[in-house]
Amino acid sequence: MGSLPVLSSPECAPDGQGPRVKVAASDLAPLFDAQRRHLDHFFDRLDLTQAAAFAQALLDAPGAVFFTGVGKSGIVALKLAQTLASLGFARAGFLSPVDALHGDIGSVFPGDVLVLLSKSGASDELLALAPCARAKGAQLISLTSAASGADCPLAAACDLNVHLPLQGEVCPFGLAPVTSTAIQMVFGDTVVAAIMEARRLTRDQYASNHPAGKIGKTLIFKVKDVMKKQNELPLCKEGDMIMDQLTELTSKGCGCLLVVDDEYHLIGTFTDGDLRRTLKASGPAIFNLTVGEMCNRNPRTITADAMAVEAMEKMESPPSPVQFLPVVDHKNIVSGIITLHGLVSAGL
């Protein structure tokens, strides 16, 4: 092997030493323009027949779908495997080419599909893995930026090769995989989107595999999952005196009272804002006012089975935002209250 050059100062100067290096907008503009041209080259020359055959192979896979690659292509392979797995249509995973040759290929069974990503189509690790995976009965598909032929031995070792046209890398030396990996990612993710449409994936199906995070909470959480109920509810009757209900108004952390009748039908709401306005307008007379006299008898409400994100949208809708929604059933009986603070605390 050759020797790596030894860098001298200032190339290898530690952080904080030597002249400060800057990147200006004028430096970035031609690079982004070049990247755009390279991506356009890819889109203009991609063989959609090959792309469709690849998508169909994933759809028809009787077993698991494995993705593999070396270096940066391996990182893209891992991402695509995780994305496909998140749809729930097939078992999908990443297979390290090195680990596969030291035992992990045992996870590959007849009928499985192995997708091999390689810019050059000549990665030694993938060329060593391909015949072993074929011996296990897997279908082999390569995604390469080298066209099929003598310069792409991986394509010859596979059942299907998809050529990902690459004009060049946006790199001063044309070496760092800063465009080829973008092309791999765009291609793979677009095929996954096509599979989602072909399988008519529903929001509920997608949500079932994303129980955590913003996506899952938006698609899964219902009002009943995050609302306050029973002893947490700030309840009062319309004949109760306002000043007698201050403890109830302030102790439940909702900023309001839910005014109900004896059967818990919602009559209206009375907020801490209503209290301030009533005190300003009535002064000492507030001691003689009932909650029913000053409550809002036409509040926004929501049902327990509505999506939590719908509750947030309803709170923020015109004419003015509110901080809570009473939760009622079809008979207008109160079953809970959902607050903006509760939604935010739940990650929505």
Side-chain angles (χ1 to χ4, degrees), residues 41-85 87 89-97 100-101 104-105 107-166 177 180-199:
H41 176 89
F42 162 74
F43 289 123
D44 292 341
R45 290 164 176 77
L46 177 64
D47 188 333
L48 294 180
T49 302
Q50 290 182 354
F54 174 61
Q56 195 64 50
L58 299 187
L59 277 169
D60 295 340
V65 178
F66 293 99
F67 291 78
T68 188
V70 180
K72 306 303 183 293
S73 293
I75 295 173
V76 176
L78 172 61
K79 190 274 179 189
L80 296 179
Q82 292 174 334
T83 301
L84 185 62
L87 305 184
F89 294 140
R91 290 181 296 110
F94 173 73
L95 184 66
S96 165
L101 295 174
D104 283 6
I105 199 171
S107 60
V108 177
F109 286 81
D112 290 347
V113 173
L114 178 62
V115 182
L116 305 96
L117 281 75
S118 172
K119 171 187 172 181
S120 67
S123 302
D124 291 338
E125 297 88 347
L126 299 187
L127 290 173
L129 174 60
C132 300
R134 183 176 296 283
K136 296 281 291 185
Q139 179 185 3
L140 307 183
I141 303 174
S142 57
L143 307 181
T144 69
S145 287
S148 299
D151 293 334
C152 187
L154 186 61
C158 294
D159 301 295
L160 170 67
N161 179 65
V162 180
H163 177 227
L164 307 181
L166 176 65
S180 55
T181 49
I183 286 172
Q184 292 172 341
M185 192 78 78
V186 167
F187 174 79
D189 281 342
T190 304
V191 168
V192 169
I195 292 174
M196 293 172 69
E197 291 189 359
R199 287 291 183 90

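Remember, it's a predicted structure, so these values are computed and weren't measured experimentally. What's counted below: heavy atoms across the whole structure, side chains too, no hydrogens, waters or symmetry copies.
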Nearest-0.5 Å distance that lies between atom OG1 in Thr83 and atom CE in Met196: 10.0 Å
Results of ring-ring contact (aromatic ring centres under 6.0 Å, His included) for Phe42 - residues two or more places apart only: none
Atom of Met185, atom of Val76 and distance for their closest heavy-atom approach: N-CG1, 4.0 Å
Salt bridge (Lys or Arg N to Asp or Glu O under 4.0 Å): pairs with one or both residues in residues 145-158, sequence neighbours excluded: none
Sequence-distant partners of Ala57, side chain to side chain contact (heavy atoms under 4.5 Å, CB included), two or more places apart: Gln139, Ile141
Distance-only polar pair, side chains of Asn161 and Thr144, donor-acceptor under 3.5 Å: yes
Any residue meeting salt bridge (Lys or Arg N to Asp or Glu O under 4.0 Å) with Lys79, in chain and number order, not counting sequence neighbours: Asp189
Validation row: Leu80, Val115 side chains within 4.5 angstrom (heavy atoms): no
Modelled atom types, side-chain donor and acceptor of Ser180 and Ser145, under 3.5 Å: no
Residues forming a side chain to side chain donor-acceptor pair (under 3.5 Å) with Arg199, sequence neighbours excluded: none
Closest contact, heavy atoms only, Ala130 versus Ala157: CB-CB, 4.1 Å
Exercise: identify the closest heavy-atom pair between Cys152 and Ala146: SG-O, 3.5 Å
Residues that Thr190 engages under side chain to side chain contact (heavy atoms under 4.5 Å, CB included), provided they are two or more places apart: Val186
Separation of Leu116 CG from Leu129 CG (nearest 0.5 Å): 6.0 Å
Leu164 CG to Leu117 CG distance, which is reported to the nearest 0.5 Å: 7.5 Å
Between OG on residue Ser142 and CG on residue Leu160, distance to nearest 0.5 Å: 7.0 Å
ring-ring contact (aromatic ring centres under 6.0 Å, His included) against Phe94, all qualifying residues, sequence neighbours excluded: none
Contact list for residues 108-128, test salt bridge (Lys or Arg N to Asp or Glu O under 4.0 Å), sequence neighbours left out: Lys119-Glu169
Non-hydrogen atoms of Ala133 and Ile105 that approach each other most closely: N-CD1, 3.6 Å
Thr181 and Ile75, any side-chain heavy atoms less than 4.5 Å apart: no
Quick one: side chains of residues 63-70, donor-acceptor pairs under 3.5 Å with protein atoms, not counting sequence neighbours, listed by atom name and distance.
unit_1	atom_1	unit_2	atom_2	d
Thr68	OG1	Leu95	O	2.6

Enumerate donor-acceptor pairs with a distance under 3.5 Å from any side-chain N or O in residues 46-56 to protein atoms, sequence neighbours excluded.
unit_1	atom_1	unit_2	atom_2	d
Asp47	OD1	Thr49	N	2.9
Asp47	OD1	Gln50	N	3.3
Gln50	OE1	His163	N	2.9
Gln56	NE2	Asp60	OD1	3.1
Gln56	NE2	Asp60	OD2	3.2

Minimal non-hydrogen separation, Ser73 against Ser118, with atom names: OG-CA, 4.3 Å
With sequence neighbours excluded, residues passing side chain to side chain contact (heavy atoms under 4.5 Å, CB included) with Leu127: Pro153, Leu154
Salt bridge (Lys or Arg N to Asp or Glu O under 4.0 Å) partners for Asp159, two or more places apart: Arg134
